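Written out below as structure tokens is the structure these notes cover.
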Amino acid sequence: MALTKEVPNIKSSILRRIEESPENSIFFISDFLEFGSMPSVKKTLRQALSLGIISHVAHGIYVKPMASRFGEVPPSLEKIAKEIAQRDRVEIMPSGSTAANILGLSIQVPMVVSYLTTGSSRTIKIGKRAIKFRHAAPRNFAYAGTTIPLVVQAFKELEADNIGEKELSVLHKYLSDAPDKDTFQKDIILAPQWIQSIVKPIIKTLQDETLATV
């Protein structure tokens, strides 16, 4: 009898949390275990799914749908990746073509968004796309800011021979708008030497431009 009374409370608590959350909120089964057992939580989420209250994103991952006049707007893979990292209490950093895309050095939207992580390596399929996490050494996360490590990962993807005036112009614009300029000098010395030789002159130019406006 106690179990029979428990389930309605679990269901109402879970549905209330979903209802009170913003559209496009990401949910994991573990988010609701405070309300009851794993089987009870899974049962309620299946019911919410059948009612259209939530949508299924990947194994064990759900989202509160965001509607538009064009239909449901799915959460970005970047948002999902950050939520997974927060759940697992690990650090992540965009890498490869994902980093290049964020910087504007590549206009091609990657089918697989890639991240370095302090956690385990794995790939999570999201429809026809995927999120790839690759375990990396702690030194990759030793930066004070977020911009320079992003540049490092993007440049490693592009390689030196593919970085020309166009790429440098795009990078100059991105760095000039970055909110963590105070970390550039400290962080760039952690980059590979060939990347330092490319980025340091841009940092110096930005400093000179700042002084000229004072």
Side-chain angles (χ1 to χ4, degrees), residues 26 28 61 75-124 126 129-214:
I26 303 294
F28 304 97
I61 307 176
S76 68
L77 297 193
E78 291 73 21
K79 175 181 174 66
I80 296 172
K82 289 177 181 178
E83 293 283 350
I84 292 173
Q86 184 175 353
R87 179 198 64 181
D88 296 344
R89 298 180 181 180
V90 298
E91 292 185 72
I92 61 172
M93 180 193 306
S95 62
S97 59
T98 302
N101 186 263
I102 292 172
L103 288 175
L105 297 174
S106 170
I107 60 173
Q108 188 173 16
V109 179
M111 293 300 290
V112 178
V113 294
S114 54
Y115 293 86
L116 301 183
T117 179
T118 55
S120 58
S121 298
R122 55 183 163 155
T123 299
I124 299 173
I126 312 288
R129 301 180 69 193
I131 302 171
K132 183 176 183 179
F133 296 106
R134 180 168 62 86
H135 179 76
R139 66 176 179 273
N140 290 282
F141 299 90
Y143 298 89
T146 59
T147 299
I148 296 302
L150 189 66
V151 173
V152 170
Q153 293 303 315
F155 275 22
K156 284 182 178 180
E157 172 72 9
L158 294 174
E159 300 182 342
D161 291 343
N162 297 313
I163 299 171
E165 291 302 320
K166 178 182 177 182
E167 287 73 23
L168 294 179
S169 177
V170 171
L171 181 61
H172 182 282
K173 176 66 168 60
Y174 190 93
L175 294 183
S176 67
D177 294 334
D180 59 343
K181 294 186 186 66
D182 58 327
T183 67
F184 287 0
Q185 289 283 12
K186 179 180 179 181
D187 283 349
I188 192 58
I189 63 175
L190 300 177
Q193 190 61 46
W194 71 270
I195 295 179
Q196 289 190 40
S197 66
I198 296 173
V199 179
K200 277 184 175 180
I202 299 178
I203 295 175
K204 177 66 166 58
T205 299
L206 291 174
Q207 290 176 332
D208 293 343
E209 291 172 354
T210 300
L211 290 174
T213 60
V214 174

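Bear in mind the structure is a predicted one, so any value in this text is a computation, not a measurement. Throughout, residue positions are numbered sequentially from 1 according to the sequence presented.
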Separation between CG of Asp208 and CD1 of Ile203, rounded to the nearest 0.5 Å: 12.0 Å
Test item: Val199 and Leu171 side chains (from C-beta on) under 4.5 Å apart, heavy atoms: yes
Heavy-atom pair with the smallest gap, counting every atom of Leu116 and Ala136: CB-CB, 3.9 Å
Short side-chain to backbone donor-acceptor contact, Thr98 and Pro94, under 3.5 Å: no
pair Ser121-Phe133: side-chain heavy atoms closer than 4.5 Å: no
Shortest non-hydrogen contact from Ser95 toward Ser114: O-OG, 2.8 Å
Atom pair CG (Asn140) and NE2 (His135), whose distance is rounded to the nearest 0.5 Å: 9.5 Å
Considering all heavy atoms, the nearest Tyr115-Ala81 contact: CE1-CB, 3.6 Å
Verdict with reasoning, Ile202 to Gln207, per side-chain contact (heavy atoms from CB on, under 4.5 Å): CA-CA 9 Å; Ile202 299 178; Gln207 290 176 332; over 6 Å; no
Leu175 vs Phe184, side-chain contact (heavy atoms from CB on, under 4.5 Å): CA-CA, chis, key distance, verdict: CA-CA 9 Å; Leu175 294 183; Phe184 287 0; 3.9 Å; yes
Point-to-point distance, once rounded to the nearest 0.5 Å, from CE of Met93 to CZ of Phe141: 5.0 Å
Contact check, side chains of Tyr143 and Thr183, non-hydrogen atoms, under 4.5 Å: no
Ser97 side chain near Ser106 side chain, heavy-atom distance below 4.5 Å: no
Atom pair CD1/NZ of Ile188 and Lys204 - distance to nearest 0.5 Å: 15.5 Å
Asn101 side-chain N/O to Gln108 backbone N/O, donor-acceptor pair under 3.5 Å: yes
Shortest non-hydrogen separation from Pro149 to Asp187 and the atoms involved: CD-OD2, 4.4 Å
Under 3.5 Å: donor-acceptor pair, side chain of Lys132, backbone of Val112: no
From Ile26 atom CD1 to Ile80 atom CD1, the distance as rounded to the nearest 0.5 Å: 5.0 Å
N/O donor-acceptor pair under 3.5 Å between Asp180 side chain and Gly145 backbone: no
Minimum-distance pair of heavy atoms, taken over all atoms of Ile92 and Ala85: CG2-CB, 3.7 Å
Taking distance alone, no hydrogens or angles, what donor-acceptor pairs closer than 3.5 Å link side-chain atoms of residues 150-169 to residues at least two apart or in another chain?
{"residue": "Asn162", "atom": "ND2", "partner": "Leu158", "partner atom": "O", "Å": "2.7"}
{"residue": "Glu167", "atom": "OE1", "partner": "Gly164", "partner atom": "N", "Å": "2.8"}

Any pair counted as side chain to side chain donor-acceptor pair (under 3.5 Å), so long as it reaches residues 75-94, sequence neighbours left out: Asp88-Arg122
Any Thr117 side-chain heavy atom under 4.5 Å of Arg134 side chain: no
Minimum side-chain heavy-atom gap Leu206-His172 below 4.5 Å: yes
Side chain proximity check, Ile131 to Ile126, heavy atoms < 4.5 angstrom: yes
Taking every non-hydrogen atom, the tightest pair across Ala144 and Lys186: CB-CD, 4.3 Å
Chi angles and distances behind the side-chain contact (heavy atoms from CB on, under 4.5 Å) call for Tyr174, Leu105: CA-CA 10 Å; Tyr174 190 93; Leu105 297 174; over 6 Å; no
